[in-house]
Structures are given as C-alpha cells and as structure tokens.
Amino acid sequence: MINVAEYQRKTQETGEEYPLLTLEEFFVGNDDEYSIAPNQADEGRPSLDEIYAKFKSLESKDNIAWIRVILHDDTEIIERDDGEELALYGDSICVCTCISQEEVEALIDCDWLQSGGAMEIDIAEYINDYPEIPEGYHCLRIEWD
C-alpha cells in the first residue's frame, strides 16, 4: 500500500487531490477490508487479496491497457502523536479496455465481486492525470453502491 510520503509525492507530481493508484499502490499490504466496497465487506464480498488477485490477473491481458483504483474523497492523511497515517479508501476500479461492458463484467465476474457492474466513464471528468488511453479503447468503472 502506498505510504504517506509516496502519496504526498504523487499528489504533488500529478496535481491531483486524489490521484489514481495502481493496483499495487492500493492493495498490496492493505489489510483494511473496509477500504473499498465497505457495504459488501461483511456480506460475502471477496477479500482485498482476492480482489487484487482477480484484477492483477486481468491487467496483463492484451485487451486491457491498464487498471487503476479511483479514490474516494474520504481518503486523508491523519495526524497522530507518532506521525502521519494515510487513511486510504477506494471508490471504484477503472479498467481501460477495448472490449465491451458486458465482456468486462463477465471477465471480472461482477456477481462474485458483489459489484453493481461496469459503466462507461470519461475518466477526464474524474481526474486530470491518467495513463494514456490507446486508440479504440475506453474506460469502464467497476463500482459498488
């Protein structure tokens, strides 16, 4: 999981208050099961490790350009007596792909994920600094309620 210093560096470099994070930056070392899809965390939603493994396996497919985590605006740096702590919360997962919404939903298995599904988005409406979107690709947002 991205640490406070890396998060601050990323916000300064990108100019984004809530920059897109790679799967590693969000999931690796993150043990807060409520940091994404908290309403489904106790309702049978796969664990963060399982969600990470699923999306990581898709990231290398030829029909997927990139996958990033869109942060929730509850993300913040908290001042503690012993230093700063990053309270990291994901809102949704963005998949840049050339396949259809239905194909992505099946590939991800949105039922298993307990997701509301995939919806096409204009990533530029959410964030200014995002990876290149290749010709013929579009962005789908995997979201929960």
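- Interatomic distance, Thr14 OG1 to Asn128 CG, rounded to the nearest 0.5 Å: 9.0 Å.
- Counting heavy atoms from C-beta outward, Val104 and Ile64 have side chains that stay 4.5 Å or more apart.
- Listed for the Gln12 side chain is no donor-acceptor partner under 3.5 Å among the backbone atoms of Arg9.
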Review point. Checking side-chain contact (heavy atoms from CB on, under 4.5 Å) for the pair Leu71/Leu88: CA distance, chi angles, key distance, verdict?
Key: CA-CA 8 Å; Leu71 295 178; Leu88 191 61; 3.8 Å; yes
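- Considering all non-hydrogen atoms of both residues, Leu48 and Asp31 come closest at CD1-C, 4.5 Å.
- Using a distance-only test at 3.5 Å, with no hydrogens or angles considered, a donor-acceptor pair links the side chain of Glu16 to the main chain of Asp129.
- Residues Leu107 and Ile99 form a side-chain contact, since some pair of their non-hydrogen atoms from C-beta on lies under 4.5 Å apart.
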Exercise for review: Take Tyr89 and Glu76 through the side-chain contact (heavy atoms from CB on, under 4.5 Å) test and state the conclusion after the steps.
Suggested key: CA-CA 9 Å; Tyr89 297 100; Glu76 65 179 330; 6.0 Å; no
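- Of the possible polar contacts, none joining the His72 side chain to the Ser35 backbone as a donor-acceptor pair under 3.5 Å is found.
- The hydrophobic cluster containing Ile127 does not contain Phe26, counting ILVMFWY residues as joined when their side-chain heavy atoms lie under 4.5 angstrom apart, directly or transitively.
- A distance of 7.5 Å separates OG in Ser115 from CD1 in Ile108, rounded to the nearest 0.5 Å.
- Annotation for Lys56: atom NZ counts as buried by contact number, over 12 foreign heavy atoms lying within 6.0 Å.
- Considering only heavy atoms from C-beta on, Trp112 comes within 4.5 Å of Lys54 through its side chain.
- Side-chain contact of Gln8 with Thr11: a donor-acceptor pair under 3.5 Å is absent, judged by distance alone.
- Judged purely by atom type and a 3.5 angstrom limit, Tyr18 uses its side chain to pair as donor or acceptor with the backbone of Asp73.
- Between Tyr130 and Cys94, every side-chain heavy-atom pair lies at or beyond the 4.5 Å cut-off.
- Taken to the nearest 0.5 Å, the OG1 atom of Thr75 stands 12.0 Å off from the CD1 atom of Ile70.
- A distance of 6.0 Å separates CH2 of Trp66 from CG of Leu20, quoted to the nearest 0.5 Å.
- Using a 4.5 Å heavy-atom cutoff, the side chains of Tyr126 and Ile121 are in contact.
- Pro134 has its side chain out of reach of Cys98: every pair of non-hydrogen atoms, C-beta onward, lies at least 4.5 Å apart.
- Hydrophobic clustering (ILVMFWY, side-chain heavy atoms < 4.5 Å, transitive): Phe55 and Leu140 are in one cluster.
- The minimum heavy-atom distance linking Arg68 with Glu59 is given by the pair NH1-OE2, 4.3 Å.
- Under the 4.5 Å side-chain heavy-atom criterion for ILVMFWY residues, no single connected hydrophobic cluster contains both Ile133 and Val95.
- Side-chain contact check for Leu113 versus Trp144: some heavy-atom pair is nearer than 4.5 Å.
- Rounding to the nearest 0.5 Å places OG1 of Thr97 at 5.5 Å from NE2 of His138.
- A donor-acceptor pair under 3.5 Å links the side-chain atoms of Gln101 to the main chain of Ala118, judged by distance alone.
- Taking OG of Ser92 as the start and CD1 of Ile36 as the end, the distance is 7.0 Å to the nearest 0.5 Å.
- Linking ILVMFWY residues whenever their side-chain heavy atoms come closer than 4.5 Å, directly or via other members, places Leu58 and Leu23 in the same cluster.
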**Study point:** side chain to side chain donor-acceptor pair (under 3.5 Å) evaluation trace for Tyr34 with Asp42
**Key:** CA-CA 9 Å; Tyr34 297 94; Asp42 293 328; 2.7 Å; yes
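- Panel note: side chain Glu103, backbone Ser100; a donor-acceptor pair is recorded below 3.5 Å.
- Between Glu33 and Arg45 a salt bridge is recorded (basic side-chain N to carboxylate O distance below 4.0 Å).
- Residue Glu17 places its CD atom among 12 or fewer non-hydrogen atoms of other residues, nucleotides or ligands, all under 6.0 Å distant.
- The pair Lys10-Glu13 fails the salt-bridge criterion, with no side-chain N (NZ, NE, NH1 or NH2) lying under 4.0 Å from an Asp/Glu carboxylate O.
- Shortest non-hydrogen contact noted between Ile93 and Ile51 is CD1-CG2, 4.2 Å.
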